[in-house]
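The block underneath contains the structure these notes are about, expressed in C-alpha coordinates.
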Amino acid sequence: MANFTVVDHPLIQHKVTIIRKEETSTKEFREITNEIGMLMAYEITRDLPLEDVVINTPLVETTQKQLAGKKLAVVPILRAGLGMVDGIVDLIPSARVGHIGMYRDHDTLQAIEYFAKFPTDIKERRVFVVDPMLATGASAIAALNQLVNKYDVDANNITFVCLVAAPEGVKALQEAHPDVDIFTAALDEGLDENGYILPGLGDAGDRIFGTK
Ligand code: URA
(Lines give C-alpha, C1' and ligand atoms only; values in the text may rest on other atoms or scores of the structure.)
Protein backbone atom coordinates (compact mmCIF):
# COMPACT_ATOMS: atom_id res chain seq x y z
CA MET A 1 0.00 0.00 0.00
CA ALA A 2 1.29 3.44 -0.94
CA ASN A 3 1.56 6.30 1.57
CA PHE A 4 -1.30 8.38 2.95
CA THR A 5 -0.08 11.70 4.37
CA VAL A 6 -1.89 14.54 6.10
CA VAL A 7 0.32 17.59 5.56
CA ASP A 8 -0.47 19.28 8.86
CA HIS A 9 2.09 22.09 8.86
CA PRO A 10 0.76 24.94 11.06
CA LEU A 11 0.63 27.36 8.11
CA ILE A 12 -1.45 24.88 6.15
CA GLN A 13 -3.82 24.24 9.05
CA HIS A 14 -4.27 28.00 9.52
CA LYS A 15 -4.99 28.54 5.82
CA VAL A 16 -7.40 25.60 5.61
CA THR A 17 -9.37 27.12 8.50
CA ILE A 18 -9.69 30.38 6.56
CA ILE A 19 -11.03 28.71 3.41
CA ARG A 20 -13.50 26.65 5.46
CA LYS A 21 -15.20 29.84 6.73
CA GLU A 22 -18.40 30.59 4.87
CA GLU A 23 -17.67 34.33 4.89
CA THR A 24 -14.35 33.95 3.05
CA SER A 25 -14.63 35.78 -0.29
CA THR A 26 -13.99 34.21 -3.69
CA LYS A 27 -10.84 36.31 -4.09
CA GLU A 28 -9.43 35.21 -0.75
CA PHE A 29 -10.51 31.61 -1.26
CA ARG A 30 -8.74 31.46 -4.62
CA GLU A 31 -5.56 33.07 -3.30
CA ILE A 32 -5.33 30.87 -0.25
CA THR A 33 -6.14 27.68 -2.13
CA ASN A 34 -3.16 28.40 -4.35
CA GLU A 35 -1.01 29.21 -1.32
CA ILE A 36 -1.88 25.85 0.20
CA GLY A 37 -1.07 24.23 -3.13
CA MET A 38 2.36 25.84 -3.01
CA LEU A 39 3.00 24.73 0.57
CA MET A 40 1.88 21.21 -0.29
CA ALA A 41 4.17 21.18 -3.32
CA TYR A 42 7.05 21.41 -0.87
CA GLU A 43 5.93 18.21 0.83
CA ILE A 44 4.80 16.16 -2.19
CA THR A 45 8.18 16.67 -3.84
CA ARG A 46 10.17 15.72 -0.73
CA ASP A 47 11.27 12.38 -2.20
CA LEU A 48 12.41 13.69 -5.59
CA PRO A 49 15.80 12.19 -6.44
CA LEU A 50 18.92 14.34 -6.56
CA GLU A 51 22.16 13.95 -8.45
CA ASP A 52 25.60 15.42 -8.02
CA VAL A 53 26.61 18.33 -10.21
CA VAL A 54 30.00 20.04 -10.36
CA ILE A 55 29.72 23.84 -10.39
CA ASN A 56 31.97 26.82 -9.86
CA THR A 57 31.16 29.34 -7.20
CA PRO A 58 33.03 32.67 -7.48
CA LEU A 59 35.63 31.04 -5.22
CA VAL A 60 36.02 27.32 -5.94
CA GLU A 61 34.82 24.33 -7.87
CA THR A 62 32.37 22.30 -5.78
CA THR A 63 30.10 19.28 -6.09
CA GLN A 64 26.50 20.10 -5.24
CA LYS A 65 23.02 18.63 -5.74
CA GLN A 66 20.41 19.19 -8.43
CA LEU A 67 17.10 17.52 -9.20
CA ALA A 68 17.41 14.33 -11.20
CA GLY A 69 15.04 11.66 -12.39
CA LYS A 70 11.66 11.95 -14.01
CA LYS A 71 10.23 15.19 -15.22
CA LEU A 72 7.05 16.32 -13.51
CA ALA A 73 3.44 16.87 -14.57
CA VAL A 74 0.58 18.41 -12.64
CA VAL A 75 -2.87 17.18 -13.70
CA PRO A 76 -5.87 19.02 -12.23
CA ILE A 77 -9.22 17.26 -12.36
CA LEU A 78 -11.60 19.83 -13.86
CA ARG A 79 -12.76 22.12 -12.72
CA ALA A 80 -11.90 22.54 -9.02
CA GLY A 81 -8.41 21.10 -9.45
CA LEU A 82 -7.49 24.23 -11.41
CA GLY A 83 -7.63 26.15 -8.13
CA MET A 84 -4.40 24.59 -6.84
CA VAL A 85 -2.34 24.47 -10.02
CA ASP A 86 -0.80 27.96 -10.02
CA GLY A 87 0.44 27.55 -6.47
CA ILE A 88 2.04 24.19 -7.20
CA VAL A 89 3.59 25.34 -10.48
CA ASP A 90 5.00 28.45 -8.79
CA LEU A 91 7.20 26.10 -6.77
CA ILE A 92 7.98 23.61 -9.55
CA PRO A 93 7.95 25.84 -12.65
CA SER A 94 9.41 23.20 -14.96
CA ALA A 95 6.36 20.95 -14.45
CA ARG A 96 4.06 20.51 -17.44
CA VAL A 97 0.31 20.78 -16.87
CA GLY A 98 -2.25 18.30 -18.21
CA HIS A 99 -6.01 18.47 -17.72
CA ILE A 100 -8.69 15.85 -17.25
CA GLY A 101 -12.45 16.28 -16.94
CA MET A 102 -14.87 13.53 -15.99
CA TYR A 103 -18.64 13.53 -15.62
CA ARG A 104 -21.02 10.87 -14.37
CA ASP A 105 -23.61 9.61 -16.82
CA HIS A 106 -26.98 9.83 -15.02
CA ASP A 107 -28.34 6.65 -16.59
CA THR A 108 -25.37 4.30 -16.48
CA LEU A 109 -23.60 5.98 -13.51
CA GLN A 110 -20.38 5.42 -15.45
CA ALA A 111 -17.70 8.12 -15.26
CA ILE A 112 -17.12 9.51 -18.74
CA GLU A 113 -14.03 11.44 -19.79
CA TYR A 114 -15.16 14.64 -21.52
CA PHE A 115 -11.77 16.30 -21.77
CA ALA A 116 -8.17 15.13 -21.54
CA LYS A 117 -5.01 16.79 -22.75
CA PHE A 118 -1.63 15.73 -21.39
CA PRO A 119 2.02 16.35 -22.18
CA THR A 120 2.87 13.87 -24.94
CA ASP A 121 5.46 12.18 -22.72
CA ILE A 122 3.10 11.84 -19.73
CA LYS A 123 4.08 8.16 -19.36
CA GLU A 124 7.65 9.16 -18.58
CA ARG A 125 6.69 11.79 -16.03
CA ARG A 126 6.01 11.76 -12.33
CA VAL A 127 2.35 12.86 -12.22
CA PHE A 128 0.62 14.87 -9.48
CA VAL A 129 -3.15 14.58 -9.89
CA VAL A 130 -4.87 17.46 -8.12
CA ASP A 131 -8.44 17.85 -6.86
CA PRO A 132 -9.23 19.90 -3.72
CA MET A 133 -11.94 17.56 -2.38
CA LEU A 134 -11.60 13.79 -1.98
CA ALA A 135 -15.22 13.02 -1.08
CA THR A 136 -16.60 9.67 -2.32
CA GLY A 137 -13.46 9.21 -4.40
CA ALA A 138 -15.51 8.61 -7.55
CA SER A 139 -13.98 11.33 -9.72
CA ALA A 140 -10.45 10.70 -8.43
CA ILE A 141 -10.78 6.97 -9.14
CA ALA A 142 -12.25 7.65 -12.58
CA ALA A 143 -9.46 10.08 -13.49
CA LEU A 144 -6.77 7.69 -12.24
CA ASN A 145 -8.40 4.79 -14.13
CA GLN A 146 -8.09 6.83 -17.32
CA LEU A 147 -4.48 7.81 -16.69
CA VAL A 148 -3.44 4.25 -15.89
CA ASN A 149 -5.59 2.26 -18.34
CA LYS A 150 -5.95 4.59 -21.30
CA TYR A 151 -2.78 6.71 -21.13
CA ASP A 152 -0.51 3.98 -19.74
CA VAL A 153 0.82 5.94 -16.76
CA ASP A 154 2.36 3.67 -14.09
CA ALA A 155 0.34 4.06 -10.87
CA ASN A 156 3.63 4.06 -8.94
CA ASN A 157 4.46 7.36 -10.66
CA ILE A 158 1.18 9.01 -9.64
CA THR A 159 0.55 11.06 -6.49
CA PHE A 160 -2.95 12.28 -5.64
CA VAL A 161 -3.06 15.70 -3.95
CA CYS A 162 -6.13 17.22 -2.27
CA LEU A 163 -7.02 19.82 0.33
CA VAL A 164 -9.74 18.06 2.27
CA ALA A 165 -10.37 14.31 2.34
CA ALA A 166 -13.19 12.21 3.76
CA PRO A 167 -12.22 8.82 5.22
CA GLU A 168 -14.68 7.18 2.79
CA GLY A 169 -12.87 8.69 -0.20
CA VAL A 170 -9.44 7.76 1.10
CA LYS A 171 -10.55 4.14 1.59
CA ALA A 172 -12.16 3.92 -1.85
CA LEU A 173 -9.14 5.47 -3.57
CA GLN A 174 -6.69 3.23 -1.72
CA GLU A 175 -8.72 0.15 -2.66
CA ALA A 176 -8.95 1.15 -6.32
CA HIS A 177 -5.36 2.41 -6.64
CA PRO A 178 -3.22 0.94 -3.87
CA ASP A 179 0.02 2.13 -5.52
CA VAL A 180 -0.95 5.81 -5.61
CA ASP A 181 0.37 8.02 -2.78
CA ILE A 182 -2.23 10.39 -1.31
CA PHE A 183 -1.49 13.77 0.27
CA THR A 184 -4.18 15.89 1.90
CA ALA A 185 -4.11 19.08 3.95
CA ALA A 186 -6.96 17.85 6.19
CA LEU A 187 -8.74 14.60 6.97
CA ASP A 188 -12.35 15.40 7.85
CA GLU A 189 -15.12 13.51 9.64
CA GLY A 190 -17.12 12.07 6.77
CA LEU A 191 -19.76 12.68 4.12
CA ASP A 192 -23.30 14.00 4.44
CA GLU A 193 -26.25 12.43 2.58
CA ASN A 194 -25.45 14.54 -0.52
CA GLY A 195 -21.82 13.49 -0.69
CA TYR A 196 -20.46 16.74 0.77
CA ILE A 197 -17.53 16.52 3.16
CA LEU A 198 -18.24 17.51 6.79
CA PRO A 199 -17.17 19.93 8.15
CA GLY A 200 -15.61 20.54 4.72
CA LEU A 201 -15.72 23.87 2.94
CA GLY A 202 -18.72 23.51 0.64
CA ASP A 203 -18.43 23.15 -3.12
CA ALA A 204 -14.80 23.86 -3.91
CA GLY A 205 -15.44 24.68 -7.58
CA ASP A 206 -18.16 27.17 -6.73
CA ARG A 207 -16.00 28.78 -4.06
CA ILE A 208 -12.93 29.07 -6.32
CA PHE A 209 -14.81 30.43 -9.32
CA GLY A 210 -17.56 32.35 -7.53
CA THR A 211 -20.34 30.50 -9.29
CA LYS A 212 -22.74 30.36 -6.38
N1 URA B 1 -16.93 18.30 -3.80
C2 URA B 1 -16.87 19.53 -3.21
O3 URA B 1 -16.56 20.51 -3.86
N4 URA B 1 -17.16 19.61 -1.90
C5 URA B 1 -17.48 18.54 -1.14
O6 URA B 1 -17.70 18.69 0.06
C7 URA B 1 -17.53 17.28 -1.78
C8 URA B 1 -17.25 17.19 -3.11
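Note that ligands are numbered from 1 as they come in the structure, with each ligand's atoms numbered from 1 the same way.
- Ion pairing between D206 and R79 holds under the 4.0 Å rule for side-chain N and carboxylate O.
- Considering backbone and side-chain atoms together, I197 places an N or O closer than 3.5 Å to an N or O of ligand 1.
- R46 has a carboxylate O that lies under 4.0 Å from a charged side-chain N of E43, or vice versa, which qualifies the two as a salt bridge.
- Look at G195 and you'll find a heavy atom under 4.0 Å from some atom of ligand 1.
- Here the options are T45, N157, D47, the test is side-chain hydrogen bond (donor to acceptor under 3.5 Å, both in side chains), and the partner is R126; only D47 passes.
- At least one N or O atom of G202 sits closer than 3.5 Å to an N or O atom of ligand 1.
- For atom 8 (C) of ligand 1, the closest non-hydrogen atom on the protein side is A135 CB, 3.7 Å.
- Not counting sequence neighbours, the partners of E113 by the salt bridge (Lys or Arg N to Asp or Glu O under 4.0 Å) test are K150.
- Remark: D121 engages R125 in a salt bridge, criterion side-chain N to carboxylate O under 4.0 Å.
- If you number the atoms of ligand 1 from 1 as listed, the ones under 4.0 Å from a heavy atom of A204 come out as 2 (C), 3 (O).
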